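One structure below.
Just so we're on the same page: letters track the sequence lines, and every chain starts at 1. All of these numbers come straight from a predicted model, not from anything done at the bench.
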Amino acid sequence: KQEVTQIPAALSVPEGENLVLNCSFTDSAIYNLQWFRQDPGKGLTSLLLIQSSQREQTSGRLNASLDKSSGRSTLYIAASQPGDSATYLCAVRGESGGSNYKLTFGKGTLLTVNP
Amino acid sequence: DVKVTQSSRYLVKRTGEKVFLECVQDMDHENMFWYRQDPGLGLRLIYFSYDVKMKEKGDIPEGYSVSREKKERFSLILESASTNQTSMYLCASSPQGASGNTIYFGEGSWLTVV
């Protein structure tokens, strides 16, 4: 059974700092990995999706990397801002075949960026 | 923009009541999902559907059922609500297909069972 772990569970940084969030998964047979952002009391918003054949994806100040063989992904946030404060979750889709699209989520990292 | 709408944001129900949580998506997606999110446990999949009238159990289906009579609508039903079903419920949808498709979430429904 796939398990996804995110470290750290919480992180507090001053504004402007670059930071890295970590995600690891136990079964390397994945189709893709996604990073999501969740604001308090809200749903999830997809930030980046990395295919299993890719090594990284970038969107603005965000860069996500994937090392499938070691079961690891990182989300790099450059020049952090208070508006980046949120919970960040990673999720993997396993190679279960068919048209199903089941994700296994980590429990998230709560990021606070202090002005 | 894809929109996944959960009709009820906040509900308070009594133990034993039948509860319906409704979800509608406007992008003609084949796949729809119901998750619940609890502190310390993360998101857990309750049920999903990959086509009209088709459904599959997720990781925690006990105490829940679902209905998908139309492609755009996926309902979660609590036949007899219990206090341990107090949680945030998230609906999501995605297009059919393999690795390239992202998933879109609604804003969530906070259910309190008293």
Could you measure the distance from the OG1 atom of A/Thr74 to the CH2 atom of A/Trp35? Nearest 0.5 Å is fine.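 So the OG1 of A/Thr74 and the CH2 of A/Trp35 are separated by 7.5 Å.
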Have a look at B/Ile103 and tell me which of B/Pro95, B/Ser93, B/Ser94 forms a side chain to side chain contact (heavy atoms under 4.5 Å, CB included) with it.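 Of B/Pro95, B/Ser93, B/Ser94, side chain to side chain contact (heavy atoms under 4.5 Å, CB included) with B/Ile103 is met by B/Ser94 alone.
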Which atoms of A/Leu89 approach chain B - backbone, side chain, both or neither, heavy atom under 4.5 Å: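 Answer is side chain: those atoms of A/Leu89 sit under 4.5 Å from chain B.
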Of the backbone (N, CA, C, O) and the side chain (C-beta and beyond), which part of B/Glu30 lies under 4.5 Å from a heavy atom of chain A, both, or neither? neither
Select one option (side chain, backbone, both, neither) describing which atoms of B/Arg44 are under 4.5 Å from chain A's heavy atoms. neither
When heavy-atom pairs shorter than 4.5 Å are enumerated against chain B, which of A/Gly41, A/Ser46, A/Ala91 gives the highest number? A/Gly41
Give me the ring orientation class for B/Tyr35 and A/Phe105: parallel if the planes are under 30° apart, tilted from 30 to 60°, perpendicular past 60°.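 Geometry flag for A/Phe105 against B/Tyr35: perpendicular rings.
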Is the number of heavy atoms from other residues, nucleotides or ligands within 6.0 Å of NZ (B/Lys71) greater than 12? yes
